[in-house]
There are 2 protein chains.
Amino acid sequence: MIMPRIKLSEVARLARTSTKTASRVINGDPRVSAATRERVQRAVTELHYRPDPLARSLRRGTDDTIAVVVDEVSDPFFTRVIGEIERMALDRDITVIVASTRRLAERERTVLDGLAHRRIAGLIVASVTDDHSYLRSAHYPIVFIDREAIGLEADAVLVDDRAGARMAVEHLLAHGHRRIAFVGDRLDIATVRNRLEGFQAAMSAAGITTPEEYVVHMEPQLTEGRHAVERLLALDEQPTAIFSANTRCSLLTLPTLHRTGRTDVAFVSFGDFAMADALTPGVSVVNHSPELIGRLAADRLLRRLAGEKLAAETITAPLEVLARGSGELAP
Amino acid sequence: MIMPRIKLSEVARLARTSTKTASRVINGDPRVSAATRERVQRAVTELHYRPDPLARSLRRGTDDTIAVVVDEVSDPFFTRVIGEIERMALDRDITVIVASTRRLAERERTVLDGLAHRRIAGLIVASVTDDHSYLRSAHYPIVFIDREAIGLEADAVLVDDRAGARMAVEHLLAHGHRRIAFVGDRLDIATVRNRLEGFQAAMSAAGITTPEEYVVHMEPQLTEGRHAVERLLALDEQPTAIFSANTRCSLLTLPTLHRTGRTDVAFVSFGDFAMADALTPGVSVVNHSPELIGRLAADRLLRRLAGEKLAAETITAPLEVLARGSGELAP
DNA sequence: CACCAGTGGGTAATCGATGTCACGCGCGTT
DNA sequence: AACGCGCGTGACATCGATTACCCACTGGTG
């Protein structure tokens with residue numbers, strides 16, 4: 001299976017021709033006689049020859065590899081996005097390399113810079129920074145996911161964060177809630193910021209002023225998240241409902257609610273997750289399919305790699321509210 | 001940030017020396033005079049030179065890239081393993097490429113074969129096949145995770161599947177259960193097979209014969225999993241407890257139990273998952289940390305890459321029963 | 001009959017970095 | 001004074017595949 005590395009010259013020798021002609025056959029150049037082509041092909045299969053992707057990349061200046069850069073590989077949302085991208089890429093013999101920014105702008109720059117020196121064919125990135133103009137000189141197509149490109153014309157596959165948050169809030173309002181809290185993490189990340197804006201817009205539209213303490217930021221620290229939620233539930237004016245800005249936050253908030261027996265608090269999560277429907281009550285979510293987002297992004301990138309000339313486009317993936325119980329609790 | 005590709009020869013020219021000497025400086029060869037070294041270093045920083053990893057790999061014959069091959073990138077267990085590996089690798093400027101086998105032996109071969117032609121520095125693999133002798137000629141270190149190497153001396157980071165299954169069964173037995181069912185998927189995969197063996201060994205040891213219908217195999221099809229569980233609960237002699245062989249199966253089984261209101265059935269899962277402790281009742285698990293497994297595997301591989309000579313070793317990650325309620329229900 | 005176009009195929013340069021090897025210089029030996 | 005040695009250095013080959021460019025041969029044409 002792992003051969004003593006065969007080179008093109010050996011194939012050529014066996015086929016009694018030059019490396020150039022062998023190369024032509026392999027790359028489907030038509031200007032080779034049928035007889036020669038035949039000989040080369042036999043030699044290829046006989047020796048189990050496979051071109052060295054490295055040497056090929058060096059010469060051609062491109063590589064059959066795409067990079068996917070996300071916050072964290074193990075984030076339940078990105079995990080599924082990556083899974084779908086990898087599936088589509090592997091079917092086309094394209095290799096996927098992954099890297100995570102850990103939501104650090106500085107690290108994102110390091111990672112992208114390192115990638116620029118590899119000759120990747122394309123990039124799919126969930127960026128945590130807010131200026132991508134320096135990527136303008138990149139010689140490969142880029143598709144942004146989850147967060148839009150700023151200062152750069154590029155494809156993006158997004159969900160309408162504001163609309164989604166609004167949908168969640170309106171859902172809670174419709175079930176009689178007025179004291180609704182927002183749980184999010186890092187506000188310097190566009191996704192969270194936009195969802196907070198949507199939340200606040202929906203609240204104002206309903207004529208409700210949200211007290212400051214109702215907007216909770218939990219850092220990725222597990223314990224801090226727990227404390228933040230506990231503080232929220234210890235307020236004099238307790239919220240009767242919570243909107244969680246993303247899956248990560250939901251995964252931190254819900255165990256606390258369950259542990260403290262506060263499942264009477266209504267809850268809507270932006271982003272679905274495993275077991276959401278098995279909890280008691282089932283967790284209502286604003287659903288956006290990570291697989292769909294991955295597929296749309298990969299499709300866009302692969303089409304560009306296949307040579308299609310496309311104008312930069314922002315694709316918005318659909319959102320829907322899945323009512324499972326927790327979002328329909330009465331205040 | 002993305003420079004118009006600077007080559008070593010340009011650095012050399014600016015430093016008024018040869019490419020070879022410039023290369024020496026960059027690779028820390030001591031046999032360069034301080035003055036020359038200085039000139040080259042200035043040229044490097046001035047031009048923002050970074051060696052082309054591709055060309056370097058071609059010449060050196062190795063690449064600072066490790067491959068991780070697992071069943072499915074989005075599997076909740078492997079996701080976390082990958083996250084940890086990626087974290088450790090990136091800290092050392094090593095790139096990670098991922099690929100999934102989708103649990104198909106044939107695909108695993110294709111993927112590994114493709115990898116063999118890239119010049120990866122190392123491989124971490126959760127194999128679904130049962131003969132790895134063909135990897136003997138691989139020129140890079142390999143660490144197996146989750147499933148051991150067969151026909152090949154190599155490092156492996158495993159959990160004791162039989163012992164874990166036994167622990168789960170004994171836990172259920174201790175709480176009075178005798179009618180215990182096994183839920184697993186693909187028996188051709190060693191992990192599942194071993195856990196079934198452990199299950200059966202523990203049952204026999206307790207003098208209990210498990211009826212055939214108590215051993216359920218669900219294919220990764222969601223609907224089939226659901227039906228299998230429903231059939232199990234429709235038996236005349238219903239089991240009072242279920243042991244699930246892995247997270248994937250738990251994620252298929254539990255929603256069915258909850259939807260049909262059969263949370264009176266005791267349940268132990270091999271492998272923890274998000275929200276397990278927030279369900280009602282909390283899900284008892286045999287816990288093995290994916291992060292720890294990832295870390296152990298990556299550490300082993302990175303140490304080999306750093307040149308340490310180590311004998312092939314099988315490392316067994318610890319297991320523990322986390323009692324959260326579902327495994328302590330009375331029959 | 002000499003010339004031109006078209007087709008199949010070879011030679012050598014190239015991609016960018018690194019290993020091989022030999023060279024020149026200064027210095028200590030005998 | 002000739003020799004040898006070590007050190008810093010650079011010209012050149014090399015990794016494996018692709019490509020720019022050139023050549024040989026065939027057949028048709030003026």
Side-chain angles (χ1 to χ4, degrees), chain A residues 2-41 43-44 47-65 93 114 116-121 139, chain B residues 2-41 43-44 47-65 114 116-121 139-140:
Chain A
I2 296 183
M3 302 298 153
R5 216 164 266 302
I6 312 281
K7 351 195 273 181
L8 184 57
S9 62
E10 298 170 28
V11 172
R13 186 147 43 81
L14 180 60
R16 285 174 304 124
T17 176
S18 71
T19 60
K20 171 60 188 153
T21 303
S23 168
R24 281 210 182 94
V25 173
I26 285 158
N27 297 342
D29 188 313
R31 299 187 319 173
V32 182
S33 69
T36 315
R37 175 180 306 278
E38 174 64 20
R39 284 209 314 283
V40 171
Q41 266 159 356
V44 165
L47 298 174
H48 293 284
Y49 170 76
R50 294 266 306 266
D52 184 324
L54 225 69
R56 172 177 280 188
S57 297
L58 178 61
R59 187 65 244 250
R60 293 221 270 230
T62 86
D63 193 354
D64 280 345
T65 298
D93 265 313
H117 285 268
R118 310 200 138 247
R119 324 195 164 195
I120 54 172
H139 50 290
Chain B
I2 295 182
M3 301 299 152
R5 216 164 266 303
I6 312 281
K7 353 194 271 181
L8 185 56
S9 61
E10 299 171 26
V11 172
R13 187 147 41 81
L14 181 60
R16 285 174 304 122
T17 177
S18 70
T19 61
K20 179 58 201 169
T21 302
S23 166
R24 284 206 181 94
V25 173
I26 284 157
N27 296 346
D29 189 317
R31 300 186 317 175
V32 181
S33 71
T36 314
R37 175 179 307 278
E38 174 63 21
R39 283 209 316 283
V40 172
Q41 266 159 355
V44 164
L47 298 174
H48 293 284
Y49 170 77
R50 294 265 307 266
D52 183 325
L54 223 70
R56 176 177 275 186
S57 296
L58 178 62
R59 187 66 248 247
R60 295 220 269 231
T62 84
D63 194 352
D64 280 345
T65 298
H117 285 268
R118 310 201 137 246
R119 324 196 163 194
I120 55 172
H139 50 289
Y140 44 78

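Nothing here was measured: the structure is a model prediction, and the numbers come from that model. To find a chain, count down the sequence lines: A is the first, B the second, and so on, and within it residues start at 1.
- Note: CG (A/Asp63) to C1' (D/dT18) measures 15 Å, nearest angstrom.
- Nearest heavy-atom pair across B/Arg50 and A/His117 is CB-CE1, 3.3 Å.
- Ranked by how close their nearest DNA chain D nucleotide is to the 5' end, B/Thr19 and A/Pro53 are led by B/Thr19.
- Separating the NZ atom of B/Lys20 from the P atom of D/dT14 is a distance of 15 Å, rounded to the nearest angstrom.
- In the set C/dT14, C/dG8, C/dA17, C/dA17 carries the atom at the smallest distance from any side-chain atom of B/Arg59.
- Between A/Thr17 and A/Arg24 there is no side-chain heavy-atom pair separated by less than 4.5 Å.
- Residue A/Val32 is the one, among A/Val32 and A/Arg60, whose nearest nucleotide of DNA chain C lies closer to the 5' end (criterion: closest heavy atom).
- Rounding to whole angstrom units, CZ of residue A/Arg31 and C1' of D/dT19 are separated by 11 Å.
- Between D/dG10, D/dA17, D/dT9, one nucleotide has an atom nearer to the side chain of A/Asp52 than all others, and that is D/dA17.
- Note on A/Ser57: nothing from the nucleic acid sits closer than 4.0 angstrom, heavy atoms only.
- A salt bridge does not link B/Arg118 with A/Asp64: none of the charged nitrogens is closer than 4.0 Å to a carboxylate oxygen.
- Rounded to an integer number of Å, the gap from NZ of B/Lys7 to C1' of C/dT18 is 15 Å.
- Computed from coordinates, the A/Arg50 CZ to D/dG16 P distance equals 16 Å when rounded to whole Å.
- The side chain of B/Ser23 contributes no N or O atom lying less than 4.0 Å from OP1 or OP2 of C/dA17.
- If you check every strand for non-hydrogen atoms under 4.0 Å, B/Arg37 touches nothing.
- The distance from atom CG of A/Leu54 to atom C1' of D/dA17 is 11 Å, rounded to the nearest whole Å.
- At C/dT18, one or more side-chain N or O atoms of B/Asn27 fall inside 4.0 Å of OP1 or OP2 (strictly under the cut-off).
- Using a 4.0 Å heavy-atom criterion, one finds that B/Arg24 contacts the bases of the nucleic acid, with or without backbone contacts as well.
- Remark: P of C/dA17 and CD1 of B/Ile26 are 8 Å apart, rounded to the nearest angstrom.
- Atom CG of A/Leu58 and atom P of D/dA17 are 12 Å apart (whole Å).
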